[in-house]
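What you see is a predicted model, and the numbers here were worked out from it, not measured in a lab.
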Amino acid sequence: MTLTPRPDVTGHFDADTNTISYIVADPQTGTAAIVDPVLGFSQRDGRTSTAAADGLLAEIDARGLHLAWILETHAHADHLTAAHYIHDRTGAPIVIGRYIGDVQRIFAPLFAASDVVPDRSAFSRLVDEGDTLPLGELTIGVIHTPGHTPACVTYTIGDAAFVGDTLFQPDYGTARADFPGGDAATLYRSIRKIFALPGDTRIFTCHDYPTRDRSEPEWESTVAQQRAANIHVHDGVSEADFVAMRSARDKGLAAPQLILPSLQVNIRAGELPPVETDGRRYLRIPLDTI
């Protein structure tokens with residue numbers, strides 16, 4: 001009997017955005033990846049902060065790990081990514097799903113972001129269904145899991161799966177599918193691909209939010225737990241039922257608080273917009289558009 005490798009996984013919760021970033025390490029070699037790092041941003045004064053990213057890097061240094069990859073599950077609409085900052089600090093390549101060009105093509109015009117060319121060159125490595133990357137003696141696998149966005153991917157590493165926003169904790173449900181390029185039926189099929197993984201596969205989500213019965217953040221479950229208890233998509237929920245639920249629910253959701261700053265930074269792989277003639281960088285807020 002061959003045991004599935006078990007990477008070391010530590011989650012870091014960012015309370016401002018309810019985001020969980022992860023350090024995933026091969027215990028045999030100390031080779032590590034960071035999943036979905038956060039760049040702090042204050043809407044009050046336009047200040048950015050690298051505190052969360054610096055905390056990830058400090059832990060990597062303290063544990064003597066070697067950072068091999070920065071893994072983005074998708075172009076986030078609810079927090080700015082620190083991928084570019086960490087790349088500049090460490091040289092680790094930034095990885096994202098190959099359909100990020102579709103996301104860039106959709107959103108670059110919204111911000112008149114003429115510097116964003118939808119050739120995906122802002123990212124170091126593009127991956128698609130079935131691709132693999134080495135992580136010491138472990139292997140990073142890729143499952144294309146669109147529906148929330150066209151470029152969403154799930155990374156599998158040993159017995160762990162990093163699902164981005166596709167799934168939340170079982171008591172919170174699933175991602176919205178109403179962003180441009182999103183689709184509830186596609187999301188359902190992507191979730192079924194995740195549910196086809198072994199039942200004891202650990203599921204690590206990118207966000208967690210309070211529920212009526214739970215105030216403390218959580219971010220780990222298993223495929224078996226999700227299949228049995230996810231309030232939106234447990235076993236027995238049909239695609240038609242899910243699409244009806246998700247479509248009705250999405251109609252009542254407000255836009256994420258940081259959607260406008262997040263998207264224009266994240267389609268650039270976390271690099272801030274170019275410096276203007278006055279020496280400053282600006283985020284653009286399109287009026288009466290979304």
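- Taking the charged nitrogens against the carboxylate oxygens, Glu239 and Arg189 do have a contact shorter than 4.0 Å, which makes a salt bridge.
- Checked by atom type and distance alone, the side chain of Asp36 never pairs as donor or acceptor with a backbone atom of Ser21 at under 3.5 Å.
- Residue pairs meeting the salt bridge (Lys or Arg N to Asp or Glu O under 4.0 Å) criterion with at least one member in residues 22-35, sequence neighbours excluded, do not occur.
- Around atom CG of Asp45, more than 12 heavy atoms belonging to other residues, nucleotides or ligands sit under 6.0 Å away.
- Judged purely by distance below 3.5 Å, without hydrogens or angles, the side chains of His207 and Thr19 pair a donor atom with an acceptor atom.
- Thr156 is listed as a side-chain neighbour of Ile143, based on a closest heavy-atom distance under 4.5 Å.
- Ring planes of His74 and His148: perpendicular class, angle over 60° (limits at 30 and 60°).
- Look at Lys251 and Asp178 and you find no salt bridge, because none of the NZ, NE, NH1 or NH2 atoms lies under 4.0 Å from a carboxylate O.
- Just one residue in the list Leu39, Leu80, Thr48 forms a side chain to side chain contact (heavy atoms under 4.5 Å, CB included) with Pro261, and that residue is Leu80.
- Heavy-atom neighbours of Glu276 CD from other residues, nucleotides or ligands within 6.0 Å: above the threshold of 12.
- The backbone N or O of Gly199 sits nowhere less than 3.5 Å from a side-chain atom of Thr201 that would complete a donor-acceptor pair.
- Note on residues 126-136: pairs passing salt bridge (Lys or Arg N to Asp or Glu O under 4.0 Å), not counting sequence neighbours, are Arg98-Asp128, Glu129-Lys193.
- For Ser42 (side chain) and Arg47 (main-chain N/O), no donor-acceptor pair under 3.5 Å exists by modelled atom type.
- Take Ala33 and apply the side-chain contact (heavy atoms from CB on, under 4.5 Å) test, not counting sequence neighbours, and it matches Trp69, Leu71, Leu135.
- Listed by first then second residue, pairs satisfying salt bridge (Lys or Arg N to Asp or Glu O under 4.0 Å) with a partner in residues 202-211 read Asp159-Arg202, Asp208-Arg214, not counting sequence neighbours.
- Note: Gln225 CD to Glu220 CD = 8.5 Å, rounded to the nearest 0.5 Å.
- Taking the six-membered ring wherever Trp is involved, the centroid distance between the rings of Tyr22 and His12 does not fall below 6.0 Å.
- Here the closest heavy-atom approach between residue Val103 and residue Ile267 is recorded as CG1-CG2, 4.2 Å.
- A heavy-atom distance below 4.5 Å is found between the side chains of Ile194 and Leu167.
- Listed by first and then second residue, the ring-ring contact (aromatic ring centres under 6.0 Å, His included) pairs that reach into residues 94-114 are Tyr99-His144, sequence neighbours excluded.
- Between the side chain of Arg63 and the main chain of Ala25, no donor-acceptor pair closer than 3.5 Å is present.
- The heavy-atom pair separating Pro180 from Ile106 by the smallest distance is CB-CG2, 3.6 Å.
- The main-chain N or O of Gly40 is never found under 3.5 Å from a side-chain atom of Ser49 such that the two would form a donor-acceptor pair.
- Note that CZ of Phe179 and CD1 of Ile290 are 8.5 Å apart. Values are rounded to the nearest 0.5 Å.
- Annotation: side-chain contact (heavy atoms from CB on, under 4.5 Å) contacts of Asn18 (sequence neighbours excluded): Phe13, Tyr209, Pro210.
- Side-chain N or O atoms of Asp241 include none that pairs as donor or acceptor with a backbone N or O of Val237 at under 3.5 Å.
- The two atoms that bring Ala68 and Pro93 nearest to each other are O-CD, 3.2 Å, heavy atoms only.
- Between Arg268 and Pro274, the closest heavy-atom pair is NH2-CD, 3.9 Å.
- For the pair Leu283/Gln264, a side-chain contact is recorded, criterion being any heavy-atom separation below 4.5 Å from C-beta on.
- Between Ile96 and Val127, the closest side-chain pair of non-hydrogen atoms is not below 4.5 Å.
- Screening residues 24-63 for ring-ring contact (aromatic ring centres under 6.0 Å, His included), with sequence neighbours left out, gives no hits.
- Contact of the Val9 side chain with the Phe204 side chain is registered, since non-hydrogen atoms from C-beta on lie closer than 4.5 Å.
- Taking Thr10 as the reference, Glu59 meet the side-chain hydrogen bond (donor to acceptor under 3.5 Å, both in side chains) condition, with sequence neighbours excluded.
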I would like to know whether Val95 and Tyr155 meet side-chain contact (heavy atoms from CB on, under 4.5 Å); could you show each step before the answer? CA-CA 11 Å; Val95 181; Tyr155 298 104; 3.7 Å; yes
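- Listed by first then second residue, pairs satisfying ring-ring contact (aromatic ring centres under 6.0 Å, His included) with a partner in residues 237-290 read Tyr188-Phe242, not counting sequence neighbours.
- Judged by distance alone, the side chains of Thr145 and Thr154 do bring a donor and an acceptor atom under 3.5 Å apart.
- No single ILVMFWY cluster, assembled from side-chain heavy atoms under 4.5 Å apart, contains both Ile140 and Leu56.
- In terms of hydrophobic clustering, with Ile, Leu, Val, Met, Phe, Trp and Tyr side chains grouped at heavy-atom distances under 4.5 Å, Ile34 and Leu65 are assigned to a common cluster.
- Across Cys206 and Asp165, no two heavy atoms sit closer than the pair CB-OD1, 3.4 Å.
- In this view, Ala92 and Leu67, Ile70, Thr90 satisfy the side-chain contact (heavy atoms from CB on, under 4.5 Å) rule, not counting sequence neighbours.
- Of the possible polar contacts, none joining the Arg246 side chain to the Ala184 backbone as a donor-acceptor pair under 3.5 Å is found.
- One side chain, Ser221 or Gln226, offers a donor N or O that lies under 3.5 Å from an acceptor on the other.
- Side-chain atoms of Ser124 and His87, non-hydrogen and from C-beta on, do get closer than 4.5 Å to each other.
- For Arg176 and Asp78, the salt-bridge test fails: no basic side-chain N is under 4.0 Å from an acidic carboxylate O.
- Side-chain contact of Thr174 with His232: a donor-acceptor pair under 3.5 Å is present, judged by distance alone.
- Other residues, nucleotides and ligands contribute over 12 non-hydrogen atoms within 6.0 Å of the CD atom of Gln43.
- Residues Phe195 and Val153 are members of separate hydrophobic clusters, defined by side-chain heavy-atom contacts under 4.5 angstrom among Ile, Leu, Val, Met, Phe, Trp and Tyr.
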One pair to check against side-chain contact (heavy atoms from CB on, under 4.5 Å): Arg125 and Leu133. What are the steps and the verdict? CA-CA 10 Å; Arg125 184 77 172 260; Leu133 301 168; 3.5 Å; yes
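- Remark: Phe162 CZ to Thr73 OG1 distance equals 11.0 Å, nearest 0.5 Å.
- In the hydrophobic clustering of ILVMFWY residues, with side-chain heavy atoms under 4.5 Å counting as a link, Ile100 and Leu110 come out together.
- The shortest heavy-atom contact between Pro118 and Arg105 is O-NH2, 3.7 Å.
- Checked against side-chain contact (heavy atoms from CB on, under 4.5 Å), Asp16 has the following partners two or more places apart in sequence or in another chain: Asp14.
- Residues Ile203 and Trp219 do not share a hydrophobic cluster, defined by chaining ILVMFWY side chains whose heavy atoms lie under 4.5 Å apart.
- Looking at Val35 and Val24, their side chains come closer than 4.5 Å, going by heavy atoms from C-beta outward.
- Between Ile231 and Tyr172, every side-chain heavy-atom pair lies at or beyond the 4.5 Å cut-off.
- Taking Thr50 as the reference, Asp54 meet the side-chain hydrogen bond (donor to acceptor under 3.5 Å, both in side chains) condition, with sequence neighbours excluded.
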